[in-house]
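To start, the structure itself, in structure tokens.
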There are 2 protein chains.
Amino acid sequence: MDLVEMNYADFTKMILTLKTDIYHQTVQENRNIIHVNKEQTIIKNLEKIFDATLEISNEKGFQAMSMRDLAKGAGLSSGGLYAYFPGKMDLLTMLQKHGRKMVQEILFKLVKDAPDHVSKLRIALKTHLYLSEFMQPWFYFSYMEAKNLSEPERHNAIESELTTEKLFAAIVSQGQDAGLFEPRDPQLTAAIIKAILQDWYLKRWKFSRRNISVDQYANFIVEFVEAFLDVHGTETIRLKN
Amino acid sequence: MDLVEMNYADFTKMILTLKTDIYHQTVQENRNIIHVNKEQTIIKNLEKIFDATLEISNEKGFQAMSMRDLAKGAGLSSGGLYAYFPGKMDLLTMLQKHGRKMVQEILFKLVKDAPDHVSKLRIALKTHLYLSEFMQPWFYFSYMEAKNLSEPERHNAIESELTTEKLFAAIVSQGQDAGLFEPRDPQLTAAIIKAILQDWYLKRWKFSRRNISVDQYANFIVEFVEAFLDVHGTETIRLKN
DNA sequence: GTCTATACACAGATAGAC
DNA sequence: GTCTATCTGTGTATAGAC
């Protein structure tokens, strides 16, 4: 699979097994606080709990979601939920950690094997955008509910955010050293890239109202960033239209 | 006062009287639901209530702010608050409306009298950024608590957001017609501009950590947008450094 | 492993004194 | 105009049945 040319459909197919891997990791990390034995049962219910949490919270806020709401949404009883986490706040922490792991693992894995800096930049842009589409409810949730995290967890969230920004800054910087990009400030360039990527999942209503698909937005971002950095195209790398 | 060259300090001095005007408007619009007679008393307490609401909500969410918290923050008793609004939700609506009016009035007022399209663009960029600095708690609040609004009020919030974006798109478009800007898609250009402006108030921790002042960010945005549109500078218009 | 029933705390809102 | 005291609903979390 050529990652440089991938579209959103390719991306979703590719990451399905990675998603399962990361659920197993999440279960292992919380093995001590989950009072259920069978791993398959845990994963099945945890996914229902996470999905319901995202759906309800994104509509009215995590704080406003009662455990009764969540129980109904996840198909469990209100008491039964407490076999999966000790309290509401722990659910929040668990879900945030799970999502961060998924983003970091997939983003770094796909970018790693790119053959050159121009590909690296394009793959990083597309992967981040496609992740934020695939996990849109989580991205939105993560941003909106960051304030409810405990101090150490909020710190982790910020570090994770900056790590992603540093990835873009590093790609820009290395491409510049290789003489492939114009000398724009890498940190500011990365900040602009993040802001434009963020628009996709934070202002989603705007794009759906304007009938802009994720593949169109991907092309737009790639074109914009490459124009900004004045990327010198090669024969083998072309934009899909 | 030359608005094209204004910095943040100039801006704050300029809008202080406008702020008072808009408080008077807010009081008039809610005269029927406020059970207090003296207008000076209302404005004094309403400002304390609004400020406390923003401070507490931005820390832990509007939903999580109890009326007892608010009473303490505003220096009133829990029962006394209800002289200023019929219920917690009405307070939310009132505060959102008040902020929107302030943004729209000031933004359009300052842009209106610009002598040419290049000035118009620069004044719009600076005014929006400076507004989001002056009213940072409101901007953050407005974004985070939009989901708690009633359906018609949420609609108003979206329209207000799009109106601002349309203002930028119109300036870009008019400047292009006058042959001053490169032919970039005005709507997408406006979307990028909004995303970058939004970064300032949504990811504020990032900029304060990096010691970037609002005046520096203003210059950065102006330079970035003018480079993107390839604005042909005139003798009279220069960037402050 | 999951349910029902319930404890106990705290929320928003009102009444009536001052 | 603002306060104190209080009503009533709903929240999280637990205990013990199945």
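Protein chains get the first letters and strands the later ones, always in sequence-line order, with residue 1 at the start of each.
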Under 3.5 Å, N/O pairs linking protein and nucleotides 3-5 of chain D:
residue	atom	partner	partner atom	Å
dC3(D)	OP2	Ser77(B)	N	2.5
dC3(D)	OP2	Ser77(B)	OG	2.9

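Taking atom NZ on Lys72(A) and atom P on dG11(D), their separation rounds to 11 Å, with Å as the unit. Between Asp69(B) atom CG and dG12(C) atom C1' there is a gap of 12 Å when expressed in whole angstrom units. Taking atom NZ of Lys88(A) as the reference point, atom P of dA9(C) lies 19 Å away to the nearest angstrom. The nearest whole Å value for the distance from the CG atom in Leu91(A) to the P atom in dT12(D) is 11 Å. If you measure from atom CE of Met89(A) to atom C1' of dT12(D), you get 13 Å, rounded to the nearest angstrom. Here the P atom of nucleotide dT14(D) and the CZ atom of Phe85(A) are 12 Å apart, to the nearest Å. Taking atom CE on Met67(A) and atom C1' on dT2(C), their separation rounds to 15 Å, with Å as the unit. Rounded to whole Å, atom C1' of dG12(C) lies 12 Å from atom CG of Asp90(B).
When the options Glu161(A), Glu159(A), Glu165(A) are evaluated for a salt bridge (charged side-chain N to carboxylate O under 4.0 Å, His left out) with Arg209(B), the one that passes is Glu159(A).
A sub-4.0 Å separation between OP1 or OP2 of dT2(D) and a side-chain N or O of Tyr84(B) is present. Distances shown here put a side-chain N or O of Arg68(A) below 4.0 Å from the OP1 or OP2 atom of dG11(D).
Contact of the Trp138(A) side chain with the Leu95(A) side chain is registered, since non-hydrogen atoms from C-beta on lie closer than 4.5 Å. Ile196(A) is listed as a side-chain neighbour of Tyr217(A), based on a closest heavy-atom distance under 4.5 Å.
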Distance-only check: which donor-acceptor pairs under 3.5 Å involve side-chain atoms of residues 13-22 of chain A, not counting sequence neighbours?
residue	atom	partner	partner atom	Å
Lys19(A)	NZ	Glu47(A)	OE2	3.2
Thr20(A)	OG1	Leu16(A)	O	3.4

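Of the residues in residues 35-46 of chain A, those with a non-hydrogen atom less than 4.0 angstrom from any atom of DNA chain C are Val36(A), Asn37(A), Lys38(A), Thr41(A), Asn45(A).
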Residue pair Glu39(B), Gln28(B): steps toward the side chain to side chain donor-acceptor pair (under 3.5 Å) verdict: CA-CA 9 Å; Glu39(B) 177 144 355; Gln28(B) 287 316 316; 3.3 Å; yes

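Within a 6.0 Å radius of CD in Gln216(B), more than 12 heavy atoms belonging to other residues, nucleotides or ligands are found. Within a 6.0 Å radius of CD in Glu55(A), no more than 12 heavy atoms belonging to other residues, nucleotides or ligands are found. In the displayed structure, Lys97(A) atom NZ is contacted under 6.0 Å by at most 12 heavy atoms of other residues, nucleotides or ligands.
Between Ile34(B) and Tyr84(B), the shortest heavy-atom contact is CG1-O, 3.6 Å.
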